[in-house]
2 protein chains.
Amino acid sequence: MSAIETKQRILRIASELFARQGFTGTTIADIARELGTTTAALYYHFPSKADILAGLLAEPLASYQRIMTSLAAGAAAPEEILGAFVDLNTESRELGTVIDRDPAVLAMIDERLPRSSRELMAEVVAALAGPDADRAALIRASAALAVVKGATSAALELAPDGKLSPDDRAEVLATALRALAPDPMPKPPPGRAS
Amino acid sequence: MSAIETKQRILRIASELFARQGFTGTTIADIARELGTTTAALYYHFPSKADILAGLLAEPLASYQRIMTSLAAGAAAPEEILGAFVDLNTESRELGTVIDRDPAVLAMIDERLPRSSRELMAEVVAALAGPDADRAALIRASAALAVVKGATSAALELAPDGKLSPDDRAEVLATALRALAPDPMPKPPPGRAS
DNA sequence: GTCTATACCCGGATAGAC
DNA sequence: GTCTATCCGGGTATAGAC
């Protein structure tokens with residue numbers, strides 16, 4: 001088995017284990033056992049446990065930054081932004097749960113990013129809420145993002161083939177947009193017969 | 001300082017640290033330092049680190065089970081269910097982030113509960129989605145729950161006094177309900193003039 | 001490229017004095 | 001109730017043979 005091939009296997013195994021047990025909760029020995037070798041063999045392919053995580057995070061993090069730059073470029077439609085995050089969560093479904101579950105992972109990511117992940121999220125919320133957003137609008141924007149994350153992973157779990165069908169994607173997106181939009185009529189004004 | 005008083009201080013400190021660094025990411029030494037004593041002193045008040053967490057979790061877990069039994073009793077309105085979870089997240093705001101972030105914590109909770117937390121969540125989703133729910137309805141129900149968690153914590157962070165105002169609570173609830181409701185008209189059927 | 005063996009550190013927990 | 005000192009286990013990482 002070529003070195004590069006083994007490297008891929010390690011990443012695949014690590015991805016599963018991290019998703020199930022978290023990054024901190026997964027030991028090098030866990031990965032080695034699943035791989036069928038010893039921990040020492042692992043260190044031939046990766047210099048450290050953190051580097052395994054970094055290898056896993058490289059692509060999704062690049063996608064993420066692409067979204068952020070396109071977001072900084074101009075006023076993107078909420079639909080575009082939310083759709084991009086649905087796709088990001090779909091591509092790297094296992095990692096999505098890993099990332100914000102483990103503070104150690106958060107810290108690692110913050111090292112590799114220009115701005116902290118909290119700041120980045122705040123930017124996305126601001127972009128979704130629009131320029132003159134009151135607190136209610138910010139709440140709704142946070143809600144829309146929560147929907148994207150929660151509903152996407154729910155849809156992926158419910159899907160028989162583990163893939164996000166176009167219908168499901170549309171449902172998630174529509175739900176997020178409904179969350180984002182203010183209530184059309186919170187309470188029908190009294191004195192106005194239907 | 002009385003023992004009972006110190007115990008409360010420990011719980012308070014632990015709550016903060018767990019929220020910031022996660023349960024696994026927080027060491028007994030961290031807590032002791034913040035407390036101004038040594039780790040050995042901590043063990044006079046709590047037999048183990050896990051027991052500190054258990055002390056923190058006791059109340060919110062009881063609330064949670066209260067919700068579940070009332071849910072099992074009869075068909076509660078979605079509004080009631082979602083409202084109950086908003087309140088639960090508000091009362092134990094710091095813990096909410098701790099609980100499902102750390103697999104170790106999840107495991108501990110599952111030990112103390114009759115059913116696994118995954119099963120419980122599935123029950124709530126089912127109750128929200130209704131008896132004859134298709135996959136889209138289940139997705140929306142998951143989304144509504146995600147809104148409750150995400151938007152409540154966002155609202156708490158945005159609030160100047162760190163408290164959830166009635167207005168904000170209403171906004172969160174309305175948003176969750178919009179997420180839950182199917183799209184009124186996803187696409188106006190063609191051939192039917194407005 | 002993978003092994004055995006082991007160094008090293010850190011975190012949870014205990015013993016026993018005060 | 002709190003201290004000093006220490007044990008013990010487990011986890012990352014390395015050395016060096018094969």
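Sequence lines set the chain letters: A, B, ... in the order given, protein chains first and strands last, and positions in each chain run from 1. Keep in mind it's a predicted model, so treat the numbers as computed, not measured.
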So, the side chain of Asp51(A) versus the backbone of Ala54(A): is there a donor-acceptor pair under 3.5 Å, distance only? no
Ile31(B) has an atom CD1; how far is it from atom P of dA13(C), in whole Å? 11 Å
Given that Thr27(A) and Pro47(A) both sit by DNA chain D, which one's nearest nucleotide is further toward the 5' end? Thr27(A)
Separation between OG1 (Thr90(A)) and CG (Leu164(A)), nearest 0.5 Å, reads 4.5 Å
On DNA chain C, more 5' by nearest nucleotide between Phe23(B) and Ala40(A) is Ala40(A)
Take the protein atom CG of Asp30(B) and the nucleotide atom C1' of dG12(C), then report the distance between them rounded to whole Å. 13 Å
Looking at every strand, decide which applies to Thr38(A) at a 4.0 Å heavy-atom threshold: base, sugar-phosphate, or nothing. base
Can you give the first and last nucleotides of DNA chain D, 5' to 3', that have an atom under 4.0 Å from a heavy atom of chain B? dG1(D) to dT4(D)
Could you tell me whether Asp102(A) and Arg101(B) make a salt bridge, using a distance below 4.0 angstrom between a side-chain N and a carboxylate O? no
Nearest whole angstrom, please: distance from the C1' of dT14(C) to the CG of Leu42(B). 14 Å
Answer yes or no for Lys49(B) and Phe23(B): cation-pi contact, defined as NZ/CZ to six-membered ring centre under 6.0 Å and angle to ring axis within 45°. yes
Do the side chains of Glu94(B) and Arg20(B) get close enough for a salt bridge, i.e. N-O under 4.0 angstrom? no
When you measure from the centre of the six-membered ring of Phe85(B), is the NZ or CZ of Lys149(B) closer than 6.0 Å and no more than 45° off the axis? no
By the 4.0 Å heavy-atom rule, please label Thr24(A) as base, sugar-phosphate, or nothing. nothing
